[in-house]
Amino acid sequence: MSRRGRVLDELGLGPEWVRRDRPAADAGVVVRTPAEADVPAATSVAQTPVDRNLALPAEGLEARTAEILQMDWEPLAATVADCRACKLCTGRNRTVFGVGDRAADWLFVGEGPGAEEDQRGEPFVGQAGRLLDNMLAAIALKRGDDVYIANIVKCRPPNNRNPEPGEAAACRPYLQRQIELLRPRLIVALGKVAAVNLLGRDASIASVRRQLLDYRGVPLIVTYHPAYLLRSLPDKAKAWEDLCFARDTMQRLKAAT
Ligand code: URA
């Protein structure tokens, strides 16, 4: 079996699907990516800006952040469920707080909910989520068992676009507080949006993967987003390397304490 075939098998994606209208040599996995998936054209959230908290003067913003950073899990979840801090709230069905073991060593951070997550209120339950579950299984992990999963933004960006900087900023204190409460041993950022927001600087995935980075004192590793991997076969091998790096790093972190 080819290296690519082995990687696909490890990630639970085998056998490789080949499009009938394309020669095998340039075959890709044929999937509908979230960006192409069932997005109603009429979902135009951007027309009704709310940004109430964002319109607050700096002291108001600081007070909101300070308040959030004091919260325990339940008030934090309730505050997220009611959040109207940016315009994403106008288009959501449900907020997607995060899911998993609140004493987890592992935290995986994605970008933001897609259509299925918005319906169900749980992160990574669509097609990308199935790949994430396979990626977890490939390093002997399971959703909810020593693993917590969250996103940079808690509401679905319309048409699966990237969250805007102001939307990510409005949501930032929530994830920061989740991380303070969780105190994970290791964070894995899934994709560029998660990486850039957690690092606080622009960077390509290629330039920061396979490095042990840091989010406010918590070790941080970056890899590709599962939705991207669904459409980019060659980078699955790199994601597999990143997962092995993460698994080995966790072993070292555990051995050091
Ligand atoms: N993509 C993400 O980044 N997060 C989800 O929860 C689902 C898809």
Side-chain angles (χ1 to χ4, degrees), residues 11-13 29 31-40 43 45 77 80-81 83 86 88-89 91-101 104 106-137 141-144 147-165 167-172 174-175 178-179 182 184 187-199 203-205 208-209 215 220-232 235-236 239 242-243 246:
L11 294 178
L13 283 173
V29 172
V31 287
R32 283 171 75 228
T33 65
E36 297 159 346
D38 47 351
V39 181
T43 331
V45 178
V80 167
C83 183
C86 84
L88 293 183
C89 69
R92 72 176 178 227
N93 285 300
R94 301 181 61 172
T95 54
V96 178
F97 179 69
V99 73
D101 180 351
W106 293 86
L107 169 62
F108 288 79
V109 179
E111 177 178 319
E116 286 185 63
E117 290 78 16
D118 172 70
Q119 288 293 330
R120 289 177 47 187
E122 184 174 333
F124 284 101
V125 289
Q127 196 176 24
R130 286 187 283 282
L131 176 54
L132 177 59
D133 287 339
N134 289 335
M135 291 164 73
L136 295 177
L141 292 175
K142 200 161 114 208
R143 177 186 293 252
V147 170
Y148 195 90
I149 304 173
N151 280 312
I152 293 296
V153 292
K154 314 294 190 203
C155 296
R156 182 189 180 206
N159 302 319
N160 294 333
R161 66 159 169 75
N162 288 350
E164 292 170 1
E167 294 159 357
C171 240
R172 189 162 299 136
Y174 298 139
L175 183 60
Q178 283 175 302
I179 295 172
L182 276 167
I187 302 174
V188 180
L190 300 166
K192 176 160 170 142
V193 169
V196 163
N197 277 284
L198 290 172
L199 286 171
S204 66
I205 297 292
V208 285
R209 58 180 285 274
Y215 170 83
L220 168 69
I221 282 175
V222 164
T223 190
Y224 296 94
H225 192 285
Y228 167 76
L229 293 174
L230 286 170
R231 41 179 207 267
S232 174
D235 285 333
K236 286 204 183 74
D242 297 342
L243 289 172

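Both counts, for ligands and for their atoms, begin at 1 and track the order of listing. These values consider heavy atoms only, across backbone and side chains, with no hydrogens, waters or symmetry-generated copies.
- Of the possible donor and acceptor atoms, none in the side chain of K192 sits under 3.5 Å from a partner among the backbone N and O of I205.
- Counting the atoms of ligand 1 from 1 in the order shown, those under 4.0 Å from a heavy atom of G110 are 3 (O).
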Requested in this report: Check step by step if salt bridge (charged side-chain N to carboxylate O under 4.0 Å, His left out) holds for R209 and D242.
Outcome: CA-CA 7 Å; R209 58 180 285 274; D242 297 342; 3.0 Å; yes

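- Residue contact check: H225 has heavy atoms under 4.0 Å from atoms 1 (N), 2 (C), 3 (O) of ligand 1.
- Which of N160, N151, L132, I152 comes nearest to atom 4 (N) of ligand 1 through a heavy atom is settled by distance: it is N151.
- In this structure, E117 contributes its side chain and G126 its backbone to a donor-acceptor pair below 3.5 Å.
- Under 3.5 Å, the side chains of Y228 and D235 contain a donor-acceptor pair of N or O atoms.
- Atoms of ligand 1 found under 4.0 Å from any heavy atom of P123, numbered from 1 in the order shown, are 6 (O).
- Put simply, OH on Y148 and CG on D101 are 10.0 Å apart, with the number rounded to the nearest 0.5 Å.
- Counting heavy atoms closer than 4.0 Å to ligand 1, residue E111 contributes atoms from both its backbone and its side chain.
- In this structure, G112 counts as a contact residue of ligand 1, since one of its heavy atoms falls inside 4.0 Å of the ligand.
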